[in-house]
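Below is one structure, written out as structure tokens, with a few remarks after it.
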Amino acid sequence: MSENVVHLHKPTDPPTDDTAPTVLTVVPDAPPARPVPLWVRSGRAVKTAVTHERTKTVVRATARHGLYTLNGGRIVARRAWDGRTGSRYERMIRAAEAAGNLEAAEEWEERLQRFRAARHHRRMDLLHSPVDAAKGVAVGAGMSIGVLVALGVVMAINTGHIGDVITPLSATVDFIALLIRIVQIVWGPALTIGPFLALLALWSVGRKQHAAPNWALPANVRSGEGEPITPSIVVKALRDLGVPALARAIKEMGDAGASMLGPITIAGCGVEVDVTLPSGVSTNEVQGKRRKLAENLTRHEHEVFITIPQAARTVRLWVADSGALDEPIGPSPLVTDDTMTADYTKGKAPWGQDLRGDAAALSLYQRHLLITGLSNQGKTVALRSLALWLSLDKSVQFLMGDLKGAGDWAMFDGLATTLIQGPTDEHVIQVTEMVEGAVDEMNRRLQAPPGTVFPPLIVLVDEAQVAFMCPAKGTGKDKRPYGGSKADSRYFMAVRKIHNQGRAVNVLMWQGTQDPTNENLPKLVREGAHTRASLALGTESQARMALGDKAVDGGAAPNLLRPGLDRGTLVVASDGISIPAGQSSITVRTHYIDDDAAKAITDRAKALRDGVTTLRAIDRSAEYDPLADIAAVIGDAPRVRTKDVLARLSARNGNAYGDWSFLDLKRVLDDANAGPYKSDGVMVVSRDRVARALANRDGEGSASAE
């Protein structure tokens with residue numbers, strides 16, 4: 001019987017054959033981990049306890065309620081001091097003098113004098129009041145006893161008992177004794193409870209005023225409602241703005257900066273205050289720190305607007321109530337009032353509301369219009385709402401090009417004279433020729449007799465950046481591009497011509513564009529618009545393209561609007577809308593009119609008209625008849641030099657004949673057997689030949705029709 005031997009030690013020369021015994025190696029256990037020191041575990045426990053959310057909540061609540069009581073006492077003391085002294089009047093006098101309002105300063109000084117006179121009169125009365133009080137007590141006590149005795153006499157006569165004479169007096173004495181007894185019982189607990197009641201009253205005052213740091217306030221007050229805007233909060237926000245000169249000036253002011261502020265007035269869904277900056281502080285230093293100022297006022301950046309009024313070294317702050325700008329405004333009067341009409345000359349389009357909550361209305365009379373912004377911010381709806389209002393004036397005519405083609409303007413079919421919808425190069429060509437046709441109409445009106453009145457013609461192009469960026473060029477001899485921003489661009493030049501002279505004869509250009517650049521919105525075009533409005537944009541440079549340097553330097557900042565959240569909010573620079581004195585722009589929250597409501601409005605507009613046939617494309621093949629036009633420009637003259645015929649044709653229809661040469665004219669006339677010939681050494685065109693050619697052509701057309 002054999003046994004397997006297990007070696008516990010590794011041999012120095014282990015066997016190499018297959019019969020070598022199995023060797024087991026004993027691996028010792030790892031040493032036990034060193035215990036964590038008690039001080040480390042204690043520190044971790046303390047850190048966890050201190051940083052726990054419950055601990056923070058308890059600390060915040062303790063600090064909040066303690067400061068409510070402390071600051072409530074301070075508020076009550078301040079109120080008592082203001083009520084007993086003239087400090088309130090003195091503060092108002094200093095603020096009025098700092099603001100330069102001498103009339104208000106004199107009024108407050110007069111009130112202070114009346115207050116001091118009344119206080120002096122009360123103090124003089126106190127010198128005589130002890131004697132008067134003693135006399136009053138004596139007289140009152142005597143009269144009271146007399147009345148009680150008289151009442152007792154009446155009772156004695158009635159009952160026949162002489163003792164009833166003192167019964168009323170005795171009952172009164174017993175009642176007084178009872179009151180004294182009640183006071184003796186209540187006095188002790190009242191002395192104990194009284195201080196707690198006083199502290200509770202101070203706590204209530206502090207709680208109503210939120211008299212605690214922002215970090216200690218409840219979450220709903222801290223992030224939802226925001227702090228009420230008071231002079232001290234505004235001054236503190238300006239002091240902590242990070243402008244050294246401003247902070248030093250506020251600390252050196254005797255009234256702690258109150259003299260910088262004008263009255264804080266309610267303005268719509270917020271408040272407004274003018275701040276006169278001290279010497280050495282420029283307005284752009286405050287404008288450039290809008291976000292920090294908003295956070296110092298416990299507001300979001302979009303809830304604070306900084307504008308520059310006419311007064312020197314002054315900024316105007318408009319601070320919204322927290323969350324108020326996220327609430328929608330009401331429906332448009334165009335939707336709610338079925339009887340509303342429009343007046344192009346004297347009326348104003350109801351566009352929306354300004355930040356004050358007042359109605360914002362825009363005059364469209366003889367004003368070219370440009371609206372721009374990022375994609376999907378409400379540009380088309382804002383532009384369309386103006387056209388919807390103006391459509392209710394039956395004298396207004398529309399030429400419309402929608403280079404998006406999504407049906408946003410489909411409700412104007414049957415209302416607009418021309419309506420082109422689509423995003424392709426062919427649609428751009430059609431829109432360009434539509435605008436060039438408006439130029440021809442403008443020229444015709446300009447050459448009309450003085451005093452002629454013309455109906456308004458609105459040339460509206462939405463998504464105009466598609467036209468400026470179009471690479472298409474003309475065919476044949478006319479190789480001019482349709483897009484671009486040079487002098488040979490057909491769309492660009494047509495818009496420029498309307499901008500230059502269309503206003504005088506009521507031919508107006510309205511354009512809506514996206515994401516403006518120098519390529520898709522040339523400088524000359526954007527500066528030709530009288531009314532410029534912008535939705536949310538990405539950069540300040542784009543804001544300057546959209547509204548101009550003057551508006552942006554004056555505080556206009558469409559680049560600070562929130563894309564998506566501030567949809568439909570426009571910054572407008574125009575003399576056609578009421579803008580507060582000293583400001584160069586105004587922010588408008590436009591009404592939203594959906595497609596169904598827009599269709600209902602255009603149905604009302606169509607009912608005002610006799611009927612409009614809308615062209616959905618321009619038939620270029622039937623635009624002109626060269627032979628008939630040649631006959632028309634010759635007129636009654638027996639013959640006209642070819643040079644004059646070319647000039648007259650170009651004046652009649654520059655788009656068709658502007659590039660014609662003698663060879664083009666000769667080709668058309670030769671084809672009609674009415675070619676030019678020499679007379680007195682110059683080439684001329686015969687009226688009779690052209691007339692015969694027209695008669696022969698018309699006769700052939702009639703015969704073929706039969």
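- Residues forming a side chain to side chain contact (heavy atoms under 4.5 Å, CB included) with T192 (at least two apart in sequence, or on another chain): none.
- With hydrogens and angles disregarded, a donor-acceptor distance shorter than 3.5 Å links the side chain of E285 to the backbone of S282.
- Every salt bridge (charged side-chain N to carboxylate O under 4.0 Å, His left out) that E272 has, sequence neighbours left out, goes to R356.
- For E110, the side chain to side chain contact (heavy atoms under 4.5 Å, CB included) criterion is met by R114, not counting sequence neighbours.
- With sequence neighbours excluded, the residues forming a salt bridge (charged side-chain N to carboxylate O under 4.0 Å, His left out) with R116 are E90, listed by chain and number.
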List the atom pairs, with distances to 0.1 Å, where a side-chain N or O of residues 133-154 and a protein N or O form a donor-acceptor pair under 3.5 Å, not counting sequence neighbours.
| unit_1 | atom_1 | unit_2 | atom_2 | d |
| --- | --- | --- | --- | --- |
| S144 | OG | G140 | O | 2.8 |

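- Counting heavy atoms from C-beta outward, L362 and R367 have side chains that stay 4.5 Å or more apart.
- The side chain to side chain contact (heavy atoms under 4.5 Å, CB included) test applied to I329 returns Q353, R589, H591, not counting sequence neighbours.
- Here Y344 pairs with Y365 under the ring-ring contact (aromatic ring centres under 6.0 Å, His included) rule; sequence neighbours left out.
- In this view, R111 and E107 satisfy the salt bridge (charged side-chain N to carboxylate O under 4.0 Å, His left out) rule, not counting sequence neighbours.
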Please output the side-chain donor-acceptor pairs of residues 171-183 that fall under 3.5 Å, not counting sequence neighbours, one pair per line with the distance.
| unit_1 | atom_1 | unit_2 | atom_2 | d |
| --- | --- | --- | --- | --- |
| T172 | OG1 | P168 | O | 2.9 |

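- Atom OG of S585 sits about 7.0 Å away from atom CG of L547, to the nearest 0.5 Å.
- Between I264 and T230, every side-chain heavy-atom pair lies at or beyond the 4.5 Å cut-off.
- Between the side chain of E303 and the backbone N or O of R299, no donor-acceptor pair lies under 3.5 Å.
- Because its NZ or CZ atom is not both nearer than 6.0 Å to the ring centre of Y592 and within 45° of the ring axis, R567 does not count as a cation-pi partner of that residue.
- In this structure E540 satisfies the salt bridge (charged side-chain N to carboxylate O under 4.0 Å, His left out) test together with R544, sequence neighbours excluded.
- In K348, the NZ atom is crowded: over 12 heavy atoms of neighbouring residues, nucleotides or ligands sit closer than 6.0 Å.
- Every residue meeting the side chain to side chain donor-acceptor pair (under 3.5 Å) condition with D393, not counting sequence neighbours, appears here in chain and number order: S395.
- With sequence neighbours excluded, the residues satisfying ring-ring contact (aromatic ring centres under 6.0 Å, His included) with H368 are H499, H530.
- Panel note: side chain S204, backbone L200; no donor-acceptor pair is recorded below 3.5 Å.
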